[in-house]
Amino acid sequence: MGIVGRIGLRLLQIVPTVALVAVLMFALMRLLPGDPAIQLLGDRATDASLARLRHEMGFDRSVSAQFWSYLEHVATLRLGDSITMHVPVTRLILDRLPITLMLTGMATVLALLIAVPLAFVAALREGGAVDLAIRMLGQVGLSMPVFYLGLILLITLAAGLGWFPVGGIGGGFVENLYYLFLPALTLALSLAMVLMRNLREALIEVLHAEFVQFATAKGLRRRLVLGRHVLRNALVPTVTLLGLQIGSLVGGAVITESVFAIPGVGRLMIDSIFARDYAVVQGLTIVLAVLVSLVFLLVDTVQGLLDPRQEAA
Amino acid sequence: MSEVAAAAPALAGAATPGRTRRLPRLRPGPLLGAAIVLLLLVCAVAPDWVAPYSPLKFDYRGTLRPPSWAHPFGTDNFGRDILSRVIWATRIDMQIAIFSTLFPAVFGTVAGCLVGYFGGVADLLFRRLVDLVVTVPFLVLVIAIVAVLGPGLVNMYVAVSAVGWIFYARLMRGEILAQKRRDYAAAGRVMGYGWPRIVFRHLLPNAISPVLVFWMTDMALCILLGSSLGYLGLGAQPPTAEWGVLIADGKNFMTTAWWMSIFPGMAIVLAGIGFSLLGDGVAALVRRR
């Protein structure tokens with residue numbers, strides 16, 4: 001199957017998964033006890049205003065009727081209006097999504113820039129003091145929650161030394177690069193520790209492989225052996241892992257945005273929870289599921305390019 | 001989250017040359033891990049013995065004091081001793097580690113056994129469920145459930161349990177799939193044993209070790225998750241001393257009293273390291289068998 005066929009197939013596979021997420025969210029929001037109208041308007045709301053709100057939100061119709069209109073809306077990407085902000089949820093999400101995408105994108109690049117060299121150094125000096133130090137760093141990094149790491153960077157680099165802003169975002173793209181650097185570094189460090197640990201394992205395995213010994217024996221320069229043979233083969237499992245980590249990355253973004261007061265979708269999610277704005281929480285979960293699925297698709301494609309053997313499988 | 005966990009045991013195997021020995025060699029890593037976990041358990045069981053002060057005693061003449069001999073971790077904005085608060089918080093965070101993993105581990109193991117052994121429609125549905133859990137970030141799913149139930153520790157346990165069992169079941173299902181093809185399983189069937197006996201007496205003991213290893217790592221991950229939710233205000237609620245909540249308390253004093261946030265965070269890191277080192281040790285022990 002060609003690459004286009006593969007992508008098409010994976011795109012089709014996204015549909016049932018996202019449909020399942022949508023069904024789950026519907027079940028969660030509607031079938032749990034508690035009347036959202038009362039929660040929104042408070043205990044002292046009049047019966048008339050409660051009835052009006054229920055009608056506006058469609059809660060007075062049968063569950064099956066609600067379910068069908070809901071599925072229809074999700075399929076056409078009309079996710080309803082925010083209950084508290086009276087703006088279409090799609091609009092709210094689209095406004096804030098670019099910031100979150102930029103944050104996670106920067107974090108991924110930074111994570112690779114940190115993880116790949118460290119893993120290389122550790123693997124080439126396997127068992128040595130440097131390797132041990134890097135592995136211990138990884139252990140500490142893996143045990144450090146994102147929000148704590150963010151706070152440490154905030155206290156030292158932003159509040160202490162004043163090198164970076166304490167939070168928020170800037171005016172344009174270039175200013176955003178500066179504002180988002182510290183949050184992205186926070187996310188990147190926790191991602192890098194996971195990547196580094198696994199890339200190191202993969203590199204050590206490849207370094208001991210026969211084709212590497214052969215390449216060295218045949219007199220290829222060290223740099224060529226490492227760059228063309230070792231790194232390329234070790235990158236395949238790393239790219240897979242990077243893809244699998246996208247969930248944690250998005251979860252981390254939710255927390256990082258809260259720590260650094262960044263108006264992205266993660267912050268929107270937390271704010272909506274406290275405001276009990278279910279329409280936004282529901283819409284966001286579905287949109288994030290679609291995005292994560294798309295990243296899986298991307299990873300699948302990149303894997304195929306890195307390792308043509310997988311095309312056949 | 002399962003990916004992090006899967007990565008953890010890999011390291012342990014690389015550093016165990018003494019495979020032929022009968023008794024496991026006492027390696028420093030797992031020993032240190034066990035010591036840390038023991039220390040945390042002591043703090044959790046008897047915080048009043050360990051903590052130098054009451055975690056709730058206000059002292060308005062000694063607010064926001066930096067670390068000193070009298071208060072090694074300093075004091076907070078109400079003059080409460082931070083070391084004592086961190087020690088008392090251990091009780092809540094250990095509770096999080098146990099309560100958020102107990103149901104998933106037990107239920108997930110049984111469910112994984114059943115779908116793995118019987119396959120069929122249940123297995124098909126289960127695989128869809130796995131797709132779903134992989135697609136929606138764990139934290140986002142847990143947050144969405146907490147959003148509906150309302151913030152709080154108990155609701156957090158419900159949310160984590162509702163999602164977490166799937167990771168255990170996936171692990172168990174894979175192991176059972178491999179074990180049920182083995183000869184001893186066929187022998188059991190030939191002997192006419194009923195399925196409960198084959199699955200729970202014969203297959204389960206042979207398939208359980210990866211789940212046990214994952215359980216250790218999962219406890220560390222749940223402490224991280226629980227403290228993150230506490231920090232966001234979705235987990236333990238403020239008067240309760242919980243590491244994440246303590247860090248959130250200190251955030252407003254970030255510039256003037258860094259110790260308020262930094263020390264509780266160190267407790268989280270310590271717990272994370274302790275549990276994952278112990279998990280590595282368990283993994284090495286299991287592998288030796």
Side-chain angles (χ1 to χ4, degrees), chain A residues 13-14 16-18 20-21 24-25 28-29 32 34 127 135 139-140 142-149 151-152 154-156 159-160 166 194 197-198 201 204 241 244-252 254-255 258-259 266 269-270 272-274 276 278 281-282 284-285 288-290 292-293 296, chain B residues 1-4 6-8 10-11 14-15 29 128-129 131-151 220 223-225 227-229 231-234 243-244 247-248 250-251 254-255 258 261-262 264-266 268-277:
Chain A
Q13 283 171 348
I14 291 177
T17 309
V18 172
L20 201 64
V21 173
L24 183 86
M25 288 317 288
L28 258 181
M29 298 294 162
L32 276 160
R135 278 167 55 195
Q139 181 69 62
V140 173
L142 279 177
S143 308
M144 198 174 270
V146 172
F147 68 96
Y148 181 54
L149 191 61
L151 220 53
I152 291 177
L154 209 54
I155 290 174
T156 52
V166 187
V194 182
R197 200 169 183 162
N198 287 272
E201 292 282 313
I204 287 174
L241 186 72
L244 288 172
Q245 284 295 315
I246 186 73
S248 316
L249 191 65
V250 172
V254 172
I255 295 171
S258 284
V259 174
M269 179 112 187
I270 302 291
S272 309
I273 286 171
F274 285 114
R276 294 198 169 267
Y278 296 140
V281 177
Q282 185 173 280
L284 259 176
T285 310
L288 289 178
V290 174
V292 172
S293 303
F296 283 162
Chain B
M1 63 179 279
S2 57
E3 292 76 34
V4 185
L11 256 177
R128 290 279 88 199
L129 211 56
D131 283 349
L132 176 122
V133 172
V134 173
T135 309
V136 185
F138 183 67
L139 185 80
V140 171
L141 208 51
V142 169
I143 286 182
I145 299 175
V146 171
V148 176
L149 300 175
I223 292 175
L224 295 198
L225 179 78
S227 59
S228 301
L229 289 180
Y231 175 80
L232 293 173
L234 297 169
W243 294 332
I247 294 174
K251 203 197 169 189
M254 195 173 69
T255 44
W258 53 266
S261 295
I262 293 299
M266 282 179 183
I268 300 178
V269 177
L270 190 72
I273 292 175
F275 275 100
S276 62
L277 285 181

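What you see below is based on every heavy atom in this structure, not just the backbone, and it leaves out hydrogens, waters and symmetry mates. Numbers restart at 1 for each chain; the letters A, B, ... are given by sequence-line order, proteins then strands.
For A:L20, the parts sitting under 4.5 Å from any heavy atom of chain B are the backbone and the side chain alike. Using a 4.5 Å cut-off between heavy atoms, A:V21 touches chain B through backbone and side chain atoms alike. For a residue to count as touching a neighbouring chain, one of its non-hydrogen atoms must lie under 4.5 Å from one of that chain's; by this rule B:L141 touches chain A with the side chain only. Only the side chain of A:L24 comes within contact range of chain B, judged by heavy atoms closer than 4.5 Å. For A:M144, the parts lying near chain B are the backbone and the side chain together; criterion is any non-hydrogen pair under 4.5 Å. Contact of B:A220 with chain A is not made at all, since no heavy-atom distance falls under 4.5 Å.
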Decide side-chain contact (heavy atoms from CB on, under 4.5 Å) for A:F147 and B:I268; before the verdict, give the C-alpha distance in whole Å, the side-chain angles of both, and the deciding distance to 0.1 Å.
CA-CA 11 Å; A:F147 68 96; B:I268 300 178; 4.1 Å; yes

Evaluate the side-chain contact (heavy atoms from CB on, under 4.5 Å) criterion for residues B:W258 and A:T156: first the C-alpha distance (whole Å), next the side-chain angles of each, then the deciding distance (0.1 Å), finally the verdict.
CA-CA 9 Å; B:W258 53 266; A:T156 52; over 6 Å; no

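A distance-only check finds no donor-acceptor pair linking the side chain of B:K251 to the backbone of A:L151 [under 3.5 Å].
Of all the listed residues (B:V269, B:V140, B:L270), the one sharing the greatest number of non-hydrogen pairs under 4.5 Å with chain A is B:V269. Highest contact tally toward chain B, considering only A:V281, A:V290, A:I255, is held by A:I255 [criterion: heavy-atom pairs under 4.5 Å]. Note on A:V140, A:V259, A:V250: by heavy-atom pairs under 4.5 Å with chain B, the leading option is A:V259. Residue with the most contacts toward chain A among B:L225, B:I273, B:V142, B:L129: B:I273 (heavy-atom pairs, distance under 4.5 Å). Ranking A:G252, A:G127, A:G251 against chain B, the residue ahead of the rest is A:G251, based on heavy-atom pairs under 4.5 Å. Note: B:L232 leads B:I223, B:L232, B:D131 in heavy-atom pairs under 4.5 Å with chain A. In terms of non-hydrogen atom pairs under 4.5 Å with chain B, the most contact-rich of A:V18, A:L288, A:V146, A:L154 is A:L154.
Of all heavy-atom pairs spanning B:I262 and A:I155, the tightest one is CD1-CD1, 4.0 Å. Contact detail for A:F274 and B:L234: the closest heavy-atom pair is CZ-CD2, 3.9 Å. Taking all atoms of both residues into account, the shortest heavy-atom contact from A:S143 to B:L224 is O-CD2, 3.5 Å.
Using a 4.5 Å cut-off on side-chain heavy atoms (C-beta onward), B:P137 and A:V292 make contact.
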